[in-house]
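Here the structure comes first, spelled out in structure tokens, and everything after it is commentary.
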Amino acid sequence: MVTKERLAEFEDKFKGEIKEKKALTPTQILYLVDKKDLPDMAHYLQYHPEFDESYYVMGIGSDERQLAGKFAYAPVINMLDSSGKRENFYVILKARLDKDNPEFPSVAQKLPAALWAEREVRDLLGFKPLDHPDLRRLIVPEDWPEGVYPLRKDHEYNASPPGELQNAYKEVPADTSTVPIGPYHMALDEPAHFRLFVKGEEIVDVDYRGFYSHRGIEKIGEGRLTYNQIFYIAERICGICGFQHSCAYAMAVENIAGVEIPARAQYIRTILLEIERIHSHLLWAGVACHLVGFDTGFMHAWRIREDPVMWLPERLTGNRKTYGMNVVGGVRRDFLDYRKKEILDKMKQLRKDVENLYSIVTSSDILIKRAKDVGVLPYKVAKDYGVVGPTARASGRNIDVRRDHKVFAYKHIDFDVPVYKEGDVLARVLVRLDEVLQSINIIEQAVDQMPEGDIFTPIGKLPAYQESLGYTEAHRGEVIHYVLTGTNNKVYRWKVRAPTYNNLPAVPEMLKGYRVADAPLIIASIDPCYACTERVQIVDVKTGKVKVLNEAEFNELSIEASERL
Amino acid sequence: MVIYLLELSLSLFVLGAISGLVLEYKSVIRLSSAFATLASLSLIALIVEAYGHLPIKGEILGTPIMIDGLSLVFLTIIGVVGLADAIYTFNYMDKYEKLGKAWVFALAYNAFLASMVLIVTTSHLVWFVFWWEIMTFSSFVLVVWDEKDSLWAGVEYYITMHLASTLPLLLAMAIGYSVVGSFDGMGFSDVAAHIGTLSPGLVKLLYASFLLAFMAKAGVVPLHFWLPPAHSSAPSDVSTLLSGVMIKMAVYGLVRTTFFILKPTVTFGYLVAMLGVVTLVVGTLYALKQTNAKRLLAYHSVGQMGYIWLGVGIGITLIGNSNSTLAFIGALGLTAGLFHALNHALFKGSLFLSAGAIEYASGTKDLNRLSGLYKLMPWTGIFALFASLGISGVPLFNGFVSKWMIYEAGYYSKNFWFVLGALFALLISAVTLASFVKFYNSAFGGEPNELTSKAKEVPGSMLIGQGILSLLCLVIGVFPAIALAIATLPVGKGVITTGVLGLSFHSIYFSPVLMAIVFGVIFVAFLLLLPPKAKETAKPWDCGSTLFPEATYRLRASDYYRPYEKRISAFYALGGFFGDLGSEVINRTIAAYVWVGKYFVRTAEIPWVTVKDVDDLRDGMTLHLDDALIMPVVRFVKVVGILSKAAVLLVLIIVAAVLAALIW
Amino acid sequence: MMERISIVGIVAGVVITALLPPFLDGIARRVKARVQYRVGPPIMQTFYDLQKLFGLPSLRPTENKWFRVAPYLALASAFSAAFLLPYGKWVPVKFSGDIVVFLYVLAMVSVAIIIGAFSTQNAHSNIGGHREMMMLLSVEPILGIALGIFAFKAGTLSLSEIPLKVPASFSTVLAYLLLIYAAYAESGFVPFDVAEAETEIAGGVLVEYSGRLLGVLEYAMLAKRLVLLWLLSTFLTIPILRGIQLTGIAGGLVVLVVQLILVLVAYPIIAALEATNARYRIDQAVALNTRIFLLSLVVLAVAAVGW
């Protein structure tokens with residue numbers, strides 16, 4: 001097989017540790033490995049000399065005790081060769097961990113990109129990453145009791161045990177004051193807490209706490225819903241990139257089912273994905289303007305976002321956002337032919353509007369001054385942290401899942417991936433502005449090329465205990481879903497990794513050395529989406545003070561909530 | 001009557017000085033403070049008595065006395081600040097009880113005040129220099145009295161004074177002797193009468209030596225380096241006298257010698273004004289960076305001295321002008337300078353007392369560590385706020401009126417350099433405000449932290465001391481006529497029309513009373529119309545975070561204005577360069593002096609210590625600078641220790657003075 | 001004393017300073033809305049906002065009394081400054097005719113706000129306070145230069161005499177521009193709204209204020225903007241009308257109307273400027289002000305030479 005040559009060297013090097021090798025799809029290779037050399041392997045793959053843009057994607061922790069009698073921990077690496085000479089692919093390094101003592105050598109000691117993933121598996125599954133540099137709790141709230149691991153299969157989805165408040169914050173460095181941004185702050189669209197340690201207005205160090213909007217999505221998905229019901233949740237992971245999640249999930253399940261969806265469905269997905277990208281980038285541009293006090297830019301960006309950007313999907317799908325178009329195997333609605341003209345007309349209007357907007361935005365040189373040379377993320381740090389999406393592309397990383405992994409109809413479409421080298425906020429702005437124009441191009445091409453045919457391939461029963469990855473390039477970067485099927489068309493493990501999950505850990509690095517006034521803009525510059533990032537936990541009240549519900553009431557509430565779903 | 005009151009005051013000071021005989025620490029302090037208080041009160045009585053009967057001539061202890069308008073301005077400063085300070089000292093000095101040596105303090109404290117009274121009342125150059133020297137020496141003893149970090153600061157102060165203040169004065173005295181021909185005949189008026197016979201070169205030398213002497217004493221840039229350490233390391237009641245009163249003596253000396261004895265000349269005036277501008281800029285911008293409460297205040301003393309010199313400089317330059325408008329502006333400048341000296345005594349005195357109270361209550365003067373004192377010390381807070389508003393030149397407080405007069409004098413002179421001076425004065429006034437926003441808010445704003453939560457309000461006597469000066473800031477701010485009645489004396493009436501309503505000159509007028517009424521009426525009207533409804537308390541908004549480190553949720557004193565300081569960092573770099581240059585020059589001078597001194601002193605005490613610059617003098621054992629005055633100190637240090645020795649020397653000097661007076 | 005007080009002036013001053021600022025703000029909001037393709041709130045919206053705030057109780061984040069007193073001090077300062085300006089030919093209370101005094105009384109608004117901002121244990125409000133102070137620091141010298149030019153060219157610093165005596169020349173035009181710039185920056189319009197900077201420091205100096213106290217504080221800030229604008233409009237009106245013989249009550253009314261018209265014209269322009277600019281970072285604002293100060297030193301020298 002092709003994969004053999006691609007990784008021959010790797011397999012030779014770690015011959016002893018690799019127990020099994022399996023191609024989930026032609027571009028997804030799973031190695032069952034010994035946990036002992038996980039850090040070395042992950043490090044080797046991330047810094048592979050030929051696959052120069054490779055990066056650590058995520059770490060999947062799962063409770064496979066019912067399946068294999070053991071826990072499993074699986075770092076995923078995206079192997080990318082920017083020269084385009086080799087085919088790109090994903091590598092999953094799956095290690096089984098002892099069921100009583102799930103320790104493993106921490107990958108994070110070598111790859112900062114794995115810092116969060118390993119804190120997450122510690123919090124949710126009780127794994128023990130050895131030699132991890134920073135094992136404060138990340139996901140579970142401060143009042144969550146130690147020793148209760150919500151993602152283990154023996155934990156009820158609605159159990160919320162009481163606990164004591166624990167301090168999970170960094171010590172305040174000497175001679176600094178503390179400035180909180182969040183959980184409630186004008187600069188944040190969703191709750192997150194950045195604790196800036198400042199000297200005057202200069203940021204010396206940053207602490208981050210988040211995961212305030214946990215909704216237990218993965219837990220609810222696992223074992224309770226069938227694979228087609230999960231779409232309802234998958235699309236609601238985030239209000240902005242819902243379709244991306246939905247597509248990524250669909251792709252993972254379709255891979256497992258082994259079907260290729262019809263070409264027309266691929267084009268429809270592509271068009272909607274791009275509309276969603278335009279929507280998100282305009283929304284973001286508006287927010288960025290607002291953050292630096294330029295409300296006119298904000299208003300205009302949002303006006304365009306309203307019409308034509310949200311008007312169009314309403315016509316096409318019946319919804320302005322959260323399109324509800326996906327099913328496993330294709331899409332639910334076809335685009336009628338007369339809509340084509342509508343799309344093209346709207347694209348024309350949009351192009352004009354966007355160009356107008358750009359001239360408004362760039363007419364204020366203060367805006368440029370505020371964004372230039374601020375929040376610089378150097379290429380090396382971007383790679384170390386596995387940063388993705390426009391954030392990575394603004395730091396000179398030439399990565400884009402659409403192009404690199406040839407998802408959906410993108411393989412038939414000609415488009416550029418804008419890359420800037422400066423790594424500052426301005427570069428991130430420019431990447432997004434360029435992408436909007438690219439997206440318009442893509443949509444126009446897709447509408448032109450869209451073939452006739454079915455929009456749906458039926459899928460019967462899903463094979464049990466099969467796993468696969470699905471991915472799309474969302475507006476913020478690569479969205480990746482991992483699905484391990486269970487019996488009866490249910491999902492045994494569903495792992496969602498939103499782009500912000502990789503980008504957020506790099507934010508403290510961007511903030512250090514800049515000023516409090518820059519902080520909102522820098523934080524916003526990665527276009528953080530906390531809802532996406534924080535999908536995982538079980539439903540819980542706000543941490544700390546507001547523990548007003550007793551457990552029974554609480555459980556009732558969560559049951560109601562799930563029933564509504 | 002006036003002379004009698006002066007004698008009464010001086011005798012009370014002498015009684016205070018010898019109250020050390022009681023021996024028990026607290027009693028000594030109480031007794032000495034009581035005498036100083038009474039002496040200051042009799043000084044105030046003297047001012048009231050003398051007002052309207054000027055000038056008054058007489059003789060005390062052989063010193064020929066002449067009290068004129070200029071003397072009265074400075075007597076007011078000594079009387080009022082002395083009064084507040086003496087009352088404050090009642091309790092403040094308890095802090096130093098473990099140290100003992102109250103008799104040294106009592107002696108030096110009273111001698112210090114008395115010497116300044118005599119400086120501003122004597123009309124004889126020799127006596128002026130003599131009391132000047134007593135003042136310097138007694139203040140030196142007071143600075144080093146608590147023996148902590150102040151020792152080196154005191155020594156530096158003393159050496160600088162000798163080199164840059166005493167020597168030039170001796171030189172001036174020598175020139176005076178050369179024209180008059182006898183020491184007896186060196187009354188101010190005699191010297192003034194003989195100036196005409198001097199060669200122009202010598203006149204210039206006379207100007208130069210006076211300028212140098214008073215620059216050094218006033219802490220005018222570039223001779224300001226001794227001031228911040230000395231003023232900030234002394235006990236706070238002493239700092240108050242140093243900053244509030246002593247450096248004003250330099251202004252007195254400057255005006256007395258170069259305005260009344262010598263003729264006011266244009267070039268000299270420009271020099272004084274420009275030195276003032278440089279000083280106010282340098283002093284205040286350096287003050288902006290300080291985080292030690294007293295050091296911050298001390299740098300402001302430098303800065304505010306710049307304002308005074310600018311006013312006086314404009315006065316000296318323009319007062320002789322043939323254009324009557326400009327001559328008037330000159331008179332305005334001089335009056336403004338003197339008025340500002342008076343105001344500075346009030347607010348800076350009050351601020352040093354408040355800084356002392358902060359240190360007394362919390363144990364630190366590091367603004368970074370202070371927080372939330374307003375809750376615990378509301379009176380000190382109010383007094384510090386009023387004085388801060390005073391020095392920042394906020395309307396309705398005294399500093400505004402005098403600063404405003406200085407701006408007006410500068411702008412109306414239509415002279416580019418003075419307009420520039422006024423412009424910088426205006427700018428620096430904002431910097432002063434910024435600096436005091438920091439001073440006041442980092443100590444009194446926010447909530448108490450671990451360190452300050454134990455603090456409690458200081459004893460009543462300390463509050464009275466602060467209160468007198470601080471409330472005077474407000475009173476004079478609203479009724480400037482009170483202070484202007486005295487401040488206009490030296491240049492004569494008619495320059496500025498003052499009344500209950502305020503002051504006016506030419507078409508310019510300002511009525512603080514009317515403003516206070518307008519402001520008060522509107523303020524009260526809105527308070528009645530929309531009374532604050534704030535019953536419910538809440539924690540400060542921390543964005544809803546959990547487990548938040550609240551003590552660090554505020555701006556630290558060292559963090560204020562960093563972007564601004566960064567913007568003007570070039571200035572600080574330049575200042576640093578000139579500072580290094582200045583201390584290098586002083587070091588070289590001292591080295592040269594030591595080198596010369598070696599020929600007059602037989603042996604060095606410690607042969608292996610080679611004295612090359614000031615730092616080598618730090619050991620305190622090889623001081624050979626001035627055989628007459630410093631060598632005895634050095635020997636005494638070897639035997640007893642620097643303080644008790646200094647005190648004994650002081651006793652000797654006073655006894656000698658008394659004897660001399662009796663013999664005459 | 002009575003000759004310094006004008007009842008007509010007091011009435012005019014109180015009415016204009018009390019009612020005009022919320023109205024102007026309403027206009028500005030409408031203008032901004034139009035620039036942004038929005039309908040915008042009713043013209044009277046700021047009145048409604050203030051009315052609502054005045055009716056709400058405030059939270060008390062500190063026991064420090066200055067926190068509660070500061071908004072009223074700010075408001076009283078703004079009104080006191082307003083009483084020094086002429087309305088038509090009537091000056092409400094001439095406690096000083098001097099522009100320096102006027103500017104200092106107006107600066108007391110900032111001083112009061114800063115004292116209030118620092119009385120709480122809140123880094124956002126402290127940072128706001130210190131930014132406000134730095135704005136004052138960097139704007140003050142620019143004002144100083146403008147005053148210097150007036151002193152040279154008009155020979156007076158009297159509020160009423162400067163516009164009468166100032167000759168049209170290169171440096172006086174620049175002095176006017178400097179004055180306008182300083183007034184704009186001092187008013188905290190975008191891009192100089194660094195002290196409030198809602199999206200950065202959550203409202204800065206305002207963050208701890210709520211209910212009635214917030215209303216009073218916002219009212220004071222609006223009033224301060226109007227007072228500065230009124231000063232500028234006076235400085236423009238009088239030279240404009242210098243050629244026309246204006247006497248008596250009628251003449252005074254003409255001046256008043258022109259002053260009002262200028263203010264009403266200027267405010268929408270300011271609103272449009274605000275709408276098309278982003279906020280400076282404090283170091284950028286300070287840098288800009290310092291640069292302007294250094295450049296205008298040259299203008300001062302030019303004025304001294306006599307141009």
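Just so you know, these numbers come straight off a predicted model, no measurement behind them.
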Exercise. By a 4.5 Å heavy-atom criterion (distance strictly below it), what part of C:L103 contacts chain B: side chain, backbone, both, or neither?
Worked result: neither
Problem set entry | Side chain, backbone, both or neither of B:F526 within contact of chain C (heavy atoms, under 4.5 Å) | both
For this session: Begin from the C-alpha positions of C:Y72 and B:L529 and carry the test side-chain contact (heavy atoms from CB on, under 4.5 Å) through to its verdict.
Result: CA-CA 11 Å; C:Y72 296 92; B:L529 209 64; over 6 Å; no
Problem set entry | Heavy-atom contact with chain B under 4.5 Å, split by part of C:F67 | neither
Exercise. Under a 4.5 Å heavy-atom cut-off, does chain B meet the side chain of C:T156, its backbone, both or neither?
Worked result: both
For this session: Answer with side chain, backbone, both or neither: which region of C:L56 has an atom nearer than 4.5 Å to a non-hydrogen atom of chain B?
Result: backbone
Exercise. Counting distance only, does the side-chain N/O of C:D98 pair as donor-acceptor with the main-chain N or O of B:F510 below 3.5 Å?
Worked result: no
For this session: Under 4.5 Å heavy-atom distance to chain B, tell me which part of C:V101 shows up: side chain, backbone, both or neither.
Result: both
Problem set entry | Euclidean distance, C:Y104 OH relative to B:M515 CE, rounded to 0.5 Å | 12.5 Å
Seminar exercise, completed: Ranked by heavy-atom pairs below 4.5 Å to chain C, first place among B:V431, B:L420, B:L433 goes to B:L433
For this session: Any chance you could measure C:L157, atom CG, to B:W404, atom CH2, to the nearest 0.5 Å?
Result: 10.0 Å
Exercise. In terms of heavy-atom pairs under 4.5 Å with chain C, which of B:D559, B:L555, B:V419 leads?
Worked result: B:L555
For this session: Can you tell which part of C:L213 gets under 4.5 Å to a heavy atom of chain B, answering side chain, backbone, both or neither?
Result: side chain
Seminar exercise, completed: Interatomic distance, CD@C:E63 vs NZ@B:K375, rounded to 0.5 Å, equals 6.0 Å
Seminar exercise, completed: If one checks every heavy atom of C:V105 against chain B at 4.5 Å, the contacting part turns out to be both
Exercise. Using non-hydrogen atoms only, which part of B:P512 is less than 4.5 Å away from chain C: side chain, backbone, both, or neither?
Worked result: neither
Problem set entry | Step-by-step side-chain contact (heavy atoms from CB on, under 4.5 Å) determination, C:F83 to B:I522 | CA-CA 11 Å; C:F83 275 23; B:I522 300 170; 4.3 Å; yes
For this session: Would you indicate whether the side-chain heavy atoms of C:M108 and B:P395 approach each other to under 4.5 Å?
Result: yes
Problem set entry | side-chain contact (heavy atoms from CB on, under 4.5 Å) assessment of C:I115 paired with B:L385 | CA-CA 10 Å; C:I115 288 177; B:L385 180 62; 4.0 Å; yes
For this session: For chain B, find which of C:V93, C:L75, C:T62 contributes the most heavy-atom pairs closer than 4.5 angstrom.
Result: C:L75
Problem set entry | Point-to-point distance, once rounded to the nearest 0.5 Å, from CG of C:L53 to CG of B:L530 | 11.0 Å
Exercise. Is there side-chain contact between C:F79 and B:V518, with heavy atoms separated by less than 4.5 Å?
Worked result: no
Problem set entry | Which portion of C:T290 sits near chain B, non-hydrogen atoms under 4.5 angstrom | side chain
For this session: Could you walk me through whether B:Y564 and C:D283 pass the side-chain contact (heavy atoms from CB on, under 4.5 Å) test, one step at a time?
Result: CA-CA 7 Å; B:Y564 185 76; C:D283 53 321; over 6 Å; no
For this session: Using non-hydrogen atoms and a 4.5 Å limit, figure out which bit of B:E408 sits close to chain C: side chain, backbone, both or neither.
Result: side chain
Exercise. Where on B:K438 is there a heavy atom nearer than 4.5 Å to chain C: the side chain, the backbone, both, or neither?
Worked result: neither
Exercise. Which one, B:C543, B:P531, B:A551, leads in non-hydrogen pairs under 4.5 Å with chain C?
Worked result: B:P531
Exercise. For chain B, which of C:S138, C:S77, C:A117, C:P71 has the most heavy-atom pairs under 4.5 Å?
Worked result: C:S77
Exercise. Is any side-chain heavy atom of C:M134 less than 4.5 Å from a side-chain heavy atom of B:P563?
Worked result: yes
Problem set entry | When C:R281, C:H124, C:R131 are compared by non-hydrogen pairs under 4.5 Å with chain B, the top option | C:H124
Exercise. By a 4.5 Å heavy-atom criterion (distance strictly below it), what part of B:L389 contacts chain C: side chain, backbone, both, or neither?
Worked result: side chain
Exercise. Between C:S210 and chain B, which part of the residue has a heavy atom less than 4.5 Å away: side chain, backbone, both or neither?
Worked result: neither
Problem set entry | Contacting region of B:L423 [heavy-atom separation from chain C under 4.5 Å] | side chain
Seminar exercise, completed: Taken to the nearest 0.5 Å, the spacing of C:F118 CZ from B:F444 CZ works out to 15.0 Å
For this session: Fit a plane to each ring of B:Y560 and C:H130, take the angle between them on a 0 to 90° scale, and name the class: parallel (under 30°), tilted (30 to 60°) or perpendicular (over 60°).
Result: perpendicular
For this session: Name the member of B:A422, B:G393, B:G372 that forms the most heavy-atom pairs with chain C at distances under 4.5 Å.
Result: B:G393
Seminar exercise, completed: Closest non-hydrogen contact found for B:F519 with C:S80 is CD1-OG, 3.4 Å
Problem set entry | Region of B:K414 that comes under 4.5 Å of a non-hydrogen atom in chain C | both
Problem set entry | Segment of C:F102 engaging chain B (4.5 angstrom heavy-atom cut-off) | neither
Exercise. What closest approach, in Å, do B:E447 and C:Q121 show between heavy atoms, and which atom pair accounts for it?
Worked result: N-OE1, 2.8 Å
For this session: Look at the side chain of C:E140 and the backbone N and O of B:A430, then say whether any donor-acceptor pair between them is shorter than 3.5 Å.
Result: no
Exercise. So what's closer than 4.5 Å to chain C heavy atoms on B:W541: side chain, backbone, both or neither?
Worked result: both
Exercise. What residue in B:V524, B:L527, B:T552 has the most heavy-atom pairs under 4.5 Å with chain C?
Worked result: B:L527
Exercise. Relative to chain B, which segment of C:V286 carries a heavy atom at a distance below 4.5 Å: side chain, backbone, both, or neither?
Worked result: both
Exercise. What class does the angle between the rings of C:W66 and B:Y374 fall in, given that below 30° is parallel, 30 to 60° is tilted and above 60° is perpendicular?
Worked result: perpendicular
For this session: Could you look at C:V14 and say if it's the side chain, the backbone, both or neither that has a heavy atom under 4.5 Å from chain B?
Result: neither
Problem set entry | Heavy-atom proximity to chain C below 4.5 Å, by part of B:Y440 | side chain
Exercise. Say you draw a straight line from CD of B:E550 to CG of C:N122; how long is it, rounded to the nearest 0.5 Å?
Worked result: 10.5 Å
Problem set entry | Nearest heavy-atom neighbours spanning B:F416 and C:A301 | CE1-CA, 3.5 Å
Problem set entry | Residue selection (most heavy-atom pairs with chain B, distance under 4.5 Å) from C:I145, C:I114, C:L147 | C:L147
For this session: Go through B:S371, B:G410, B:G381, B:P540 and name the one with the most non-hydrogen pairs under 4.5 angstrom from chain C.
Result: B:P540
